[in-house]
There are 2 protein chains.
Amino acid sequence: MESKDLRKVGLKVTLPRVKILDILENNTDLHMTAEEVYRSLLESGEDIGLATVYRVLTQFEAAGLVKRHNFEGGSAVFELDDGGHHDHIVCLECGRVEEFVDEVIEDRQKAIADNLGYKISDHSLILYGSCARHECPHKEGDD
Amino acid sequence: MESKDLRKVGLKVTLPRVKILDILENNTDLHMTAEEVYRSLLESGEDIGLATVYRVLTQFEAAGLVKRHNFEGGSAVFELDDGGHHDHIVCLECGRVEEFVDEVIEDRQKAIADNLGYKISDHSLILYGSCARHECPHKEGDD
DNA sequence: AGCACGAGTCAGAATAATTCTCGCTTACTC
DNA sequence: GAGTAAGCGAGAATTATTCTGACTCGTGCT
């Protein structure tokens with residue numbers, strides 16, 4: 001029952017909010033654009049406007065329910081925020097996104113910022129590349 | 001004489017290109033938005049359209065003369081590409097941007113990608129925070 | 001230097017992503 | 001169940017960027 005989550009963060013429990021949260025929770029793809037959420041809503045038969053999707057996602061972000069990422073390629077993507085931090089690796093060929101955490105990197109970041117006299121409030125580390133299924137075609141045994 | 005650089009990458013030596021390259025080379029701020037380059041051109045008395053600035057910067061990017069970064073806050077910023085890679089730390093309060101390189105992080109990134117079966121083609125690491133001049137005000141000895 | 005031609009440029013239109021506006025609707029309070 | 005303010009939907013507005021079409025300039029040839 002997600003309505004509790006909404007209440008908890010001070011948001012009225014409205015149909016669009018519940019539905020959007022539901023989609024974010026049940027979608028196999030963890031990272032969705034506003035458009036994707038919108039289309040998913042339409043498919044579920046919900047008549048919710050794209051503007052509402054953006055508004056709600058932005059509210060969710062402010063409330064800490066979701067995180068917004070700006071990967072390359074135009075649109076921002078949203079994912080549920082479970083509280084834990086992680087970075088991303090994006091396949092430029094198929095769009096697959098995976099998450100990872102690396103303590104060594106996190107520590108170095110802190111050290112670097114410290115060194116330069118900065119207090120870090122956030123950071124974004126995104127690796128772009130091609131995943132295993134797009135191996136170089138002149139190798140045998142390829143897809 | 002930057003015209004050589006342009007020739008080298010197969011771009012005709014035109015006034016807009018030379019002027020834009022000139023601005024990128026002589027501006028104190030290493031990271032400029034297309035708008036900033038455009039305004040800088042106007043100040044120099046050049047009558048070059050914003051669309052041209054975008055086009056030229058995109059060509060420069062394709063040619064490897066500049067790098068485009070998408071920091072938070074909407075507009076992309078461009079910087080001359082000296083060939084060396086570096087990451088960025090951005091002060092959210094004053095907009096200052098500094099660069100850094102850390103071999104440990106670079107190595108870990110490669111290892112992580114390897115581990116997940118990705119071949120990295122690029123990556124973006126941006127630390128956001130506040131720089132030394134924005135220390136918490138209830139500490140003595142502050143700015 | 002002069003010409004031809006294709007690449008380059010300009011201004012403004014077009015696009016894409018996202019946000020805003022405003023009149024209508026709904027969730028929560030009593 | 002009614003009142004009220006917050007929320008919603010559709011489309012306009014905004015912002016960043018790219019495209020279009022007509023005109024111009026840089027470069028190679030003479």
Side-chain angles (χ1 to χ4, degrees), chain A residues 1-23 31-42 44-63 65-78 95, chain B residues 1-23 31-42 44-63 65-78 95:
Chain A
M1 199 81 304
E2 310 88 348
S3 7
K4 295 219 202 75
D5 298 329
L6 290 172
R7 281 255 168 56
K8 231 183 304 180
V9 298
L11 291 174
K12 253 188 205 172
V13 179
T14 66
L15 184 74
R17 286 176 185 161
V18 171
K19 290 299 177 188
I20 291 173
L21 196 48
D22 193 52
I23 282 175
H31 303 82
M32 304 181 75
T33 63
E35 271 289 330
E36 286 167 351
V37 171
Y38 176 58
R39 261 183 278 117
S40 189
L41 283 168
L42 293 187
S44 316
E46 300 299 332
D47 192 22
I48 294 176
L50 180 56
T52 298
V53 173
Y54 274 106
R55 182 162 3 103
V56 169
L57 285 173
T58 302
Q59 292 165 338
F60 281 5
E61 187 190 10
L65 291 180
V66 307
K67 277 206 171 124
R68 178 193 306 241
H69 302 289
N70 290 294
F71 297 155
E72 284 182 3
S75 316
V77 298
F78 298 82
Chain B
M1 198 81 307
E2 312 86 348
S3 2
K4 294 220 202 75
D5 298 328
L6 289 173
R7 281 254 168 56
K8 230 182 307 178
V9 298
L11 291 174
K12 256 188 203 171
V13 180
T14 66
L15 185 74
R17 286 175 185 162
V18 171
K19 290 299 178 190
I20 289 172
L21 197 48
D22 194 53
I23 281 175
H31 303 83
M32 304 181 74
T33 63
E35 271 290 328
E36 285 166 352
V37 171
Y38 175 60
R39 263 184 276 115
S40 189
L41 283 167
L42 293 187
S44 317
E46 301 299 333
D47 191 20
I48 293 176
L50 179 57
T52 298
V53 173
Y54 273 107
R55 178 157 20 88
V56 170
L57 286 174
T58 302
Q59 292 165 338
F60 282 5
E61 187 191 11
L65 291 179
V66 307
K67 277 205 172 125
R68 178 195 302 245
H69 301 288
N70 290 294
F71 297 156
E72 283 181 3
S75 314
V77 298
F78 298 83

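Small disclaimer: the values here were computed from a predicted structure and weren't measured. So you know, we letter chains A, B, ... as the sequences are listed, proteins then strands, and number each from 1. The analysis underlying the following values was restricted to heavy atoms, covering all of them including side chains, and did not include hydrogens, waters or symmetry mates.
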Donor-acceptor list for residues 10-20 of chain B side chains, cut-off 3.5 Å, not counting sequence neighbours:
residue	atom	partner	partner atom	Å
B/Arg17	NE	B/Gln59	OE1	3.3
B/Arg17	NH1	B/Lys12	O	2.9
B/Arg17	NH2	B/Gln59	OE1	3.3

Solution key, residues 44-55 of chain B side-chain donor-acceptor pairs under 3.5 Å, sequence neighbours excluded:
residue	atom	partner	partner atom	Å
B/Ser44	OG	B/Ser40	O	2.8

Could you write out each protein N or O paired with an N or O of nucleotides 3-5 of chain C at a distance under 3.5 Å?
none

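Atoms CG and CD, from A/Leu41 and A/Glu36 in turn, are 12.0 Å apart once rounded to the nearest 0.5 Å.
With sequence neighbours left out, the side chain to side chain contact (heavy atoms under 4.5 Å, CB included) criterion links B/Lys8 to B/Asp5. When the side chain to side chain contact (heavy atoms under 4.5 Å, CB included) test is applied to B/Arg68, the partners found at least two apart in sequence or on another chain are B/Thr58, B/Glu61, B/Ala76, B/Phe78.
Nucleotides of DNA chain D that come within less than 4.0 Å of any heavy atom of chain B span, from the 5' end to the 3' end, D/dA16 to D/dT27.
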Can you build the contact string for nucleotides 11-29 of chain C? Use B for base contact, S for sugar-phosphate-only contact, and - for no protein heavy atom under 4.0 Å. -B----SBBB------SS-
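A pairwise comparison of heavy atoms in A/Val37 and A/Ile23 identifies O-CD1, 4.0 Å as the closest pair.
Annotation: side chain of B/Leu65 is in contact with side chain of B/Leu6 (closest heavy-atom distance under 4.5 Å).
Atoms CG (B/Leu42) and P (C/dC10) sit 11 Å apart, rounded to a whole Å.
Between the axis at the start and the axis at the end of the helix from C/dA1-D/dT30 to C/dC30-D/dG1 there is an angle of 40°, using five pairs per end and rounding to 10 degrees.
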